[in-house]
Amino acid sequence: MIEFRSVSKTYQDGTAAVEDFSLEIPARRITVLVGSSGSGKTTVMRMINRMVDPTSGTVEIDGVDVATREPVQLRRGIGYIMQNSGLLPHRSVLDNITTVPRLTGVSKADARRRAFELMEVVGLERSLADRYPSQLSGGQQQRVGVARGLAVDPNILLMDEPFSAVDPIVRDELQQEVLRIQAELAKTIVFVSHDIDEAFLLGDQVVVLERGGHIVQQGTPTEILANPATDFVATFIGAERGKRRLVVSDSTPAIGDDRVLVDGGGYPVGIIAAPGGRLEAGNPNPKSRSVSNKTDQAGDA
Amino acid sequence: MDWGWIGRNLDLIGGRVLEHVALTAPPIVIGLVLSIPLGYWASRSRVARSILLVLGNIVYTIPAIALLVLVPVLLGGAILDPVNLVIALTLYALALMVRSAADAFAAVPHDVVSSATSIGYSAWQRFFAVELPLAGPVLLAGIRVVSVSTVSLASVGALTGIENLGSFFIDAFQRQFLTEALVGIVAVLVVAAVFDVVLQLLGRLLMPWNRRNRRAAENPALLRTPPIGGVA
Ligand SMILES: Nc1ncnc2c1ncn2[C@@H]1O[C@H](COP(=O)(O)OP(=O)(O)OP(=O)(O)O)[C@@H](O)[C@H]1O
Ligand SMILES: [Mg+2]
């Protein structure tokens with residue numbers, strides 16, 4: 001578990017990026033920090049691995065204040081995956097994945113064997129091992145970034161908008177990859193995003209931030225959708241007029257008891273069964289997210 | 001042209017080429033090595049950068065012959081000692097190279113450095129494994145200029161009696177003997193060219209990613225997004 005206790009961060013130039021931030025991040029779950037640009041998401045996340053030290057307050061991992069940990073050692077035990085993959089441009093794919101294990105003294109042979117395993121886990125062909133990052137597509141680079149983050153088998157993975165620079169189809173694939181990896185490896189994942197769809201898809205817990213790192217709302221996607229805490233949240237998630245405000249279309253009859261649902265913009269988004277005019281109830285807690293609204297579109301391309 | 005003179009003096013020519021190499025290789029290497037910590041420092045602090053660049057300009061403005069006289073006076077050595085020339089050339093090399101090194105380190109992509117830190121590189125490891133190699137291409141460009149300039153500048157040492165390829169120019173002038181001057185010029189050019197080839201080969205050997213990156217950049221089919229910190 002990661003715990004923030006009244007954490008504030010004021011940068012040297014006087015910017016109060018985060019003010020009095022408190023949050024519990026449960027172990028082995030995905031917590032998504034979501035909010036608009038400049039709301040302090042990255043600052044919050046970087047306080048976990050001491051890339052940023054809080055001005056006041058404490059950050060604890062399993063009850064141990066990170067301020068007492070030596071930063072370099074701390075970081076080697078936490079996977080970090082960032083927007084532009086952050087790969088070393090002068091190192092091959094394989095060397096990028098093995099770099100942290102090598103720093104911690106794992107033998108070259110062991111590190112390579114593990115790297116090949118991880119390439120498989122994240123869906124990279126072995127033949128790419130000797131390429132340089134600039135010889136990969138953006139999506140492949142991100143996969144290498146994920147493999148590198150997993151290389152030391154960390155308990156915690158920090159992911160800072162890792163997929164925002166890749167095209168939507170690749171992003172869908174990578175999001176599914178994260179869910180699959182999480183189902184297999186059960187890491188504590190802190191994921192930063194400014195995309196509410198991504199947050200709702202990935203997050204067991206979603207934390208909506210406003211400027212200054214103020215938590216406007218936190219909860220499961222269902223809780224947030226059911227009860228947006230403020231107008232800001234309602235607008236942000238599109239619950240008022242956006243694509244999450246759905247109505248049954250009268251004008252279009254569908255087969256049998258089915259009705260067509262349209263979103264706030266009038267676009268059809270799905271079908272709902274309404275036997276005898278009553279809407280069907282379902283379980284809002286997905287056991288597996290393998291059925292996402294996007295996978296089908298993305299196909300297995 | 002007196003071609004026969006060349007044939008009769010091959011030993012002399014060869015000897016002076018070696019002298020020349022022995023006098024110019026150390027300043028190039030030492031200049032590079034010293035420029036690295038200074039350039040790194042300059043890339044980190046604006047004040048350091050201004051001071052170092054101004055100092056470099058001042059040193060580079062001192063006429064070579066004045067520096068050759070000044071060095072033994074300041075260091076208390078004999079005026080004919082070849083070490084004076086090596087020291088003077090090192091100062092010039094460093095003065096030129098500091099700017100390149102400062103630019104080289106300043107051009108290392110910030111996000112790559114920050115990413116290396118986030119995954120657990122210590123400051124030293126990061127310097128040697130990330131920042132120095134990524135500064136490499138600009139350092140190489142800088143040291144190639146320094147190499148040519150040092151090889152040509154060394155000839156001046158002959159004026160104070162330090163034997164090297166420049167000695168051909170002085171002989172030629174005193175004896176009004178064109179062949180010797182031409183031999184000197186060609187030999188200096190050849191030494192400079194050989195140094196340059198050696199530097200380029202070293203660059204390729206030490207920075208294999210640099211060429212492949214360039215090739216990738218020329219072949220957009222390999223890329224869906226631009227290289228991060230890649231050489232375009
Ligand atoms: N090193 C820094 N020095 C000064 N101010 C900073 C620094 N890093 C961030 N800030 C400021 O702190 C605030 C929060 O920044 P942060 O990067 O945490 O936001 P973010 O939510 O991650 O934004 P984005 O979605 O754009 O990445 C912003 O106002 C930003 O300008
Ligand atoms: Mg950010």
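Letters A, B, ... mirror the listed sequences (proteins, then strands); counts begin at 1.
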Backbone N/O of P208(B) and side chain of H90(A): donor-acceptor pair under 3.5 Å | no
R46(A) versus chain B, the contacting section by heavy-atom distance below 4.5 Å = side chain
Measure the CG-CG distance between D111(B) and L87(A) for me, rounded to the nearest 0.5 Å.
-> 10.5 Å
Can R75(A) and T117(B) be said to form a side-chain contact (heavy atoms from CB on, under 4.5 Å), step by step?
-> CA-CA 8 Å; R75(A) 288 172 197 146; T117(B) 312; 3.5 Å; yes
Apply side-chain contact (heavy atoms from CB on, under 4.5 Å) to the pair T99(A) and Y121(B), showing each step before the final yes or no.
-> CA-CA 9 Å; T99(A) 177; Y121(B) 275 90; 2.5 Å; yes
Step through the shown structure and confirm whether more than 12 heavy atoms of other residues, nucleotides or ligands are within 6.0 Å of CG on N155(A).
-> no
Taking all atoms of both residues into account, what is the closest heavy-atom pair of N49(A) and S118(B), and its distance?
-> ND2-O, 3.8 Å
Q200(B), CD: over 12 other non-hydrogen atoms inside 6.0 angstrom | yes
Does CZ in R126(B) sit with more than 12 non-hydrogen atoms of other residues, nucleotides or ligands closer than 6.0 Å?
-> yes
For chain A, which residues from residues 22-31 of chain B have at least one heavy atom closer than 4.5 Å to it?
-> none
For E125(A), does the CD atom have more than 12 heavy-atom neighbours from other residues, nucleotides or ligands under 6.0 Å away?
-> no
Nearest heavy atoms of A116(B) and L88(A), plus distance in Å = CB-CD2, 4.4 Å
Please report the shortest heavy-atom distance between S114(B) and M51(A), naming the atom on each side.
-> O-CE, 3.6 Å
Would you mind checking which part of A123(B) comes under 4.5 Å of any heavy atom in chain A, side chain (CB onward), backbone (N, CA, C, O), both or neither?
-> neither
Quick one: closest heavy-atom pair of L103(A) and G120(B), and the distance?
-> CD1-O, 3.7 Å
With sequence neighbours left out, what residues match Q73(A) under side-chain contact (heavy atoms from CB on, under 4.5 Å)?
-> E70(A), R76(A)
Would you be so kind as to tabulate the donor-acceptor pairs closer than 3.5 Å made by side chains of residues 136-152 of chain B, with sequence neighbours excluded?
unit_1, atom_1, unit_2, atom_2, d
R144(B), NE, D196(B), OD1, 2.9
R144(B), NH2, D196(B), OD2, 3.1
T150(B), OG1, V146(B), O, 2.7

At their closest point, which heavy atom of G86(A) faces which heavy atom of S115(B), and how far apart are they?
-> O-OG, 2.5 Å
Considering residues, nucleotides and ligands other than R112(A), do more than 12 of their heavy atoms fall under 6.0 Å from its CZ?
-> no
Residues in side-chain contact (heavy atoms from CB on, under 4.5 Å) contact with R204(B), at least two apart in sequence or another chain | R211(B)
